[in-house]
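Scroll down for the structure; my scribbles are underneath it.
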Amino acid sequence: MDYNHRKIESRWQQYWKDNKVYHTEIDHGKPKFYVLDMFPYPSGAGLHVGHPLGYIASDIYARYKRLKGFNVLHPMGYDAYGLPAEQYAIQTGQHPEKTTTENIARYRGQLDRIGFCYDWDREIRTCDPEYYHWTQWAFIEMFNHYFDVKQQKAMPVADLEAYFAANGSEGHTAAESKPLKFTAGEWKAMDDKQRSDTLMNYRIAYLGNTMVNWCPQLGTVLANDEVSEGVSIRGGYPVEQKLMYQWCLRVSAYAPRLLDSLESLEWSDSIKETQRNWIGRSEGAEMQFKVADSDVEMTIFTTRADTVFGVTFMVLAPESKYVDMVTTPGQRQAVEDYRNEIKHKTERERIADKKVSGVFTGAYAVNPLTGKRIPIWVSDYVLAGYGTGAIMAVPAHDSRDYAFARKFDLPVIPLIEGADVSEGSFDAKEGKMINSASDKLDLNGLEVKEAIARTKEFIEKEGLGRVKVNYRLRDAIFSRQRYWGEPFPVYYKDGVPMMLPLDKLPLQLPEIDKYLPTESGEPPLGRAAGWQTEEGYPLELNTMPGFAGSSAYYLRYMDPRNHDELVSKEANDYWQQVDLYVGGTEHATGHLIYSRFWNKFLYDLGKVCKDEPYRKLVNQGMIQGRSNFVYRIKDTNTFVSAGLRGGYDTTSIHVDVNIVSNDRLDTEAFRRWRPEYADAEFVLENGEYVCGWAVEKMSKSMFNVVNPDDIVERYGADTLRLYEMFLGPVEQSKPWDTNGIDGVNRFIKKLWNLFYKGEKWLVDDSKPSREALKSVHTLIKKVTADIEAFSYNTSVAAFMICVNEISKLDCHSREVLTPLVVLLAPFAPHVAEELWHALAADGKEDAADAASTVCDAQWPEWNEEYLKADAINLPVSFNGKTRFMLSVAPETSKEEIEKLALESPDAAKWIEGKTIRKIIVVPNKIINIVVG
RNA sequence: GGCCGAAUGGUGGAAUGGUAGACACGAAGGACUUAAAAUCCUUUGGCCAUUGAGGCUGUGUGGGUUCGAGUCCCACUUCGGCUACCA
């Protein structure tokens, strides 16, 4: 029997399915382990060879944990709502559900062929009403809660209403969009609409008038993490700022907790750092600046309170509320013109346009420490959304302020000794202060850090401001003007937003005729006939964004068919949280923040038992494409091999990597590839056409997409799995290079040949040699350590070494081969399963019924006794240079080693005629003898 | 501009501060074969030497710590990734 991957793999995939081998239930007799992949968006293009990398890595871990005796939860599902299906629907009129269902079927087929151990009985889809029921439920809970800053947790809005009725707004501790002041009497006098509007200022899910990223081409708003460099991540369309009334989530209230509990997570430092930056905590001070000849006081935020003596002007964001309050009549027109100009520029244009621009308001502020009058300007380099939208400008020590001062010829006062500000600002927070003294505060001579502390102390004491911690993290905009998303469980009663009663959930997405906005500019749901409650109140027309469905999906896998709750207490208590989460780094500032927020909210409600959803996170690298090129001689249909193109004037052309093998072009396949190459001629080197190559993104247009199905068909899923792991560390990005896959395939065949020679079954019950035992026990130790450390590439190498050694020893002992098969089961489950059954049935064909599956085997333990070497070779060095090797028994003491080294004949010639100055003996490592 | 990471043969990559280059690809040579494929064996960082050995050098650059540095520290160069008028 030769190794036949097609037969083996289809046979065991069928067996696993028929026998529900990977079905998981709660089992209190076993410790649990939850391994989760970030679920995919099923795109129309299907999986390419890069997608399964993380799935294979987590699958290996899940299978390993199972063999170690854990009850492993390893589910899979689909993030099914998304823009591509909707865009496709707009173009073709095809219902996105149909496209999505087809794509899911294709994904499932591709995944199944790779042999994953998912419990498909727990599959979820975010577009399934049974699933989004709980997305809508969570939204209602967020609407019904506010965030209490003092207790740092979510509390019922009803409590807040009671507080307002008793005390008014005075002294409340709710996180708010903006400060509001009202008395208990005023609260009681409010009508429903006014109360609703007021409470929106505090709810965790609230309707707010906020600056949003509006993308005209997509016809929808986008969250900050869906925009990069002023264009949408999906599609790359320009994005502009627009004030809109939208549903938002008060994520910013959770910023301190999101930041603090990062410490407790086993995530990579780089992704934690990315989240820290995104949350953007900065310690500084808020200070009040009085406006001259006016009652207005402006509040600014600064991290450099120490530089207050160098403030020579103030700058307001164009959208700042202060602009209208301070602008003088004479400057009103100029300011209005400037604001209009800014408004019509997109974010992208504002960034691209590095020119400094701004306009004087005509007003002056008073520096609270020096009493000097300083002009107030408006400029778009100050952002309305951060801090208070107003800054004190210190041109000597901030490069942006410096550029502005130079452009508009404003004074620059250096505050740090030795800082040369004739060419640029001095931004570093170091040095001794100068020019910083008044009759109340003297900072001269202090280090910057001391000066910051001293100033903060001073302004708090004098009532000029207060110490303040600012966060960059913004509330999440939760409305999308699209069809293919979760409908909001919201209706409007006389203009007041109301939540549907819980027993009306799920509110199902209605059918519509076209997937475009209505003529009046309303979102697509505006086309749905009868989109209203039974009482006739209109339902919300927006839908939820992509991250809504992915924020709590890990909980649903614990209890996917529960009709009464998101997850039962029993299931949540058992499975707790994800122990290992595998996915790409691109979700660092989106999904991984929202999901943590969502989970913390549910935790506050007592619905989940863990504060954090994902205990350990591993980020797999991206698989890039490796493109191949052919070189056409200009104006001909002749192609020259890469090594010979020096003498010709050529153009390089991408060629389909699937007709190239080891960078050698299949010239016949090339002629068939496209009609224009049918009569192509070739200039060969050594009878072959050698292609050039480059690493690029994997994409259709580069002809470098490799489909896993093709690899599985040709080499088998086990080879694909082993090869993807062998390519390099899981965390590292690397190009897909099919060169080299033969090596892994050869390894499987070699392994096979330990069991079968033709039809003959080779395995026997003989006592294995010490070398064979040592080889396999070394492997057990190595693979166990490697899996725990996620170092799969070195594991595969270790398998190769072991199989080579055992082949050379001609060992076919069951005692050696059985653990080898179990070790291999996580990596190459099909061939391991086949051999496991063959071992049980002594190589007979009907092996399938002969034994339990390898999935129920026990992970082997290594025996240190077999690993002990007879002798250890220690390098002996003189004056740091290795001169010879000394063999000693493993348990030799330090003193004995020293004696042996000095007495060895090799040592004599290095010691001769010299004095020994120092001897260093590190047992099992080194002997170093210093002579002179 | 900020933050993070990386730099080792022709290639992908190994190496708890202790014999650098595991393992694999590719390449060269050989065995088997009518031939090819498959398989197996040998060699494979560079330089010098070779009858038998052997020797020198070598992990981006320059310093440092150490008996000993690819690994730790400082500075620099280059390349990736993320992020960005965040005051």
Side-chain angles (χ1 to χ4, degrees), chain A residues 2 225 228-230 268-274 276-278 280-282 284 300-305 307 315 317 347 350-351 353-354 356 379-383 385-394 397-401 403-404 427 470-474 585-586 588-589 621-622 624 626 662-664 693 695 722-723 726-729 731-744 746-747 749-750 753 785 791 793-801 804 807-808 873-885 917-922 924-930:
Chain A
D2 285 333
D225 68 282
S228 180
E229 298 187 359
S268 74
D269 288 338
S270 74
I271 205 149
K272 282 193 201 176
E273 192 59 26
T274 304
R276 278 187 205 108
N277 290 340
W278 190 259
R281 180 180 200 272
S282 68
I300 59 97
F301 175 76
T302 181
T303 53
R304 292 293 301 272
T307 59
V315 187
E347 178 99 345
R350 275 166 74 162
I351 292 167
D353 190 2
K354 292 274 182 219
V356 178
S379 173
D380 66 349
Y381 84 87
V382 175
L383 304 178
Y386 184 78
T388 60
I391 63 155
M392 62 177 212
V394 186
H397 302 291
D398 182 284
S399 53
R400 295 154 303 180
D401 297 345
F404 196 82
D427 292 12
N470 234 329
Y471 293 91
R472 199 184 77 111
L473 186 68
R474 304 261 67 87
T585 45
E586 66 272 20
T589 54
M622 296 244 286
Q624 296 141 303
R626 187 179 187 277
N662 285 341
D663 291 335
R664 304 299 189 274
W693 62 273
V695 173
L722 281 167
Y723 187 57
F726 186 61
L727 222 44
E731 291 94 337
Q732 195 173 305
S733 286
K734 58 236 160 187
W736 174 265
D737 182 357
T738 309
N739 300 347
I741 197 167
D742 291 324
V744 171
R746 244 169 248 157
F747 155 74
K749 287 182 191 160
K750 260 187 199 175
N753 291 337
S791 174
N793 56 330
T794 50
S795 275
V796 179
F799 275 114
M800 291 176 176
I801 295 170
N804 269 334
S807 299
K808 279 196 182 138
N873 279 335
L874 293 182
V876 180
S877 25
F878 288 89
N879 296 347
K881 292 217 173 214
T882 305
R883 302 300 181 181
F884 61 93
M885 305 299 290
R917 304 202 167 194
K918 200 193 262 181
I919 302 174
I920 296 153
V921 178
V922 181
N924 297 340
K925 282 192 178 160
I926 189 96
I927 306 157
N928 198 307
I929 302 169
V930 183

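Atom set for the values below is all heavy atoms of this structure, side chains included, hydrogens, waters and symmetry mates excluded. Throughout, protein chains are lettered first and strands after them, A, B, ... in sequence-line order, and every chain is numbered starting at 1.
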Expressed as a whole number of Å, how far does the [atom1] atom of [N] sit from that of [M]?
N	M	atom1	value
U16(B)	A87(B)	P	40 Å
A35(B)	U42(B)	P	24 Å
A27(B)	U65(B)	P	47 Å
G54(B)	A38(B)	P	36 Å
C23(B)	A15(B)	C1'	12 Å
U44(B)	A22(B)	P	10 Å
U19(B)	G29(B)	P	35 Å

So does R746(A) get a side-chain nitrogen or oxygen closer than 4.0 Å to the phosphate oxygens (OP1/OP2) of C40(B)?
no

Taking a pair as Watson-Crick or G-U wobble with both distances under 3.5 Å, which nucleotide is matched to [N]?
N	result
U71(B)	none
A49(B)	none
G5(B)	C79(B)
U39(B)	A31(B)
A24(B)	U11(B)

Whichever of I920(A) and L727(A) has the more 5' nearest nucleotide on RNA chain B, that residue is L727(A)

Assign each of R474(A) and N804(A) the nucleotide of RNA chain B bearing its closest heavy atom; nearer the 5' end lies the nucleotide of N804(A)

Keeping the roles fixed (side chain from D398(A), backbone from V394(A)), state whether a donor-acceptor pair exists under 3.5 Å.
no

* **Under 3.5 Å donor-acceptor, R626(A) side chain and Q624(A) backbone** => no

* Should the pair W736(A) and Y723(A) be assigned to parallel (<30°), tilted (30 to 60°) or perpendicular (>60°) ring geometry? -> perpendicular

- request: Describe, in one word, how the ring planes of Y381(A) and F404(A) are oriented to each other, choosing from parallel (under 30°), tilted (30 to 60°) and perpendicular (over 60°).
  value: tilted

Separation of C86(B) atom C1' from D427(A) atom CG, nearest Å, is 14 Å

- Is any side-chain heavy atom of N470(A) closer than 4.5 Å to a side-chain heavy atom of Y386(A)? yes

Its glycosidic angle compared against 90° from 0, G13(B) adopts the form anti

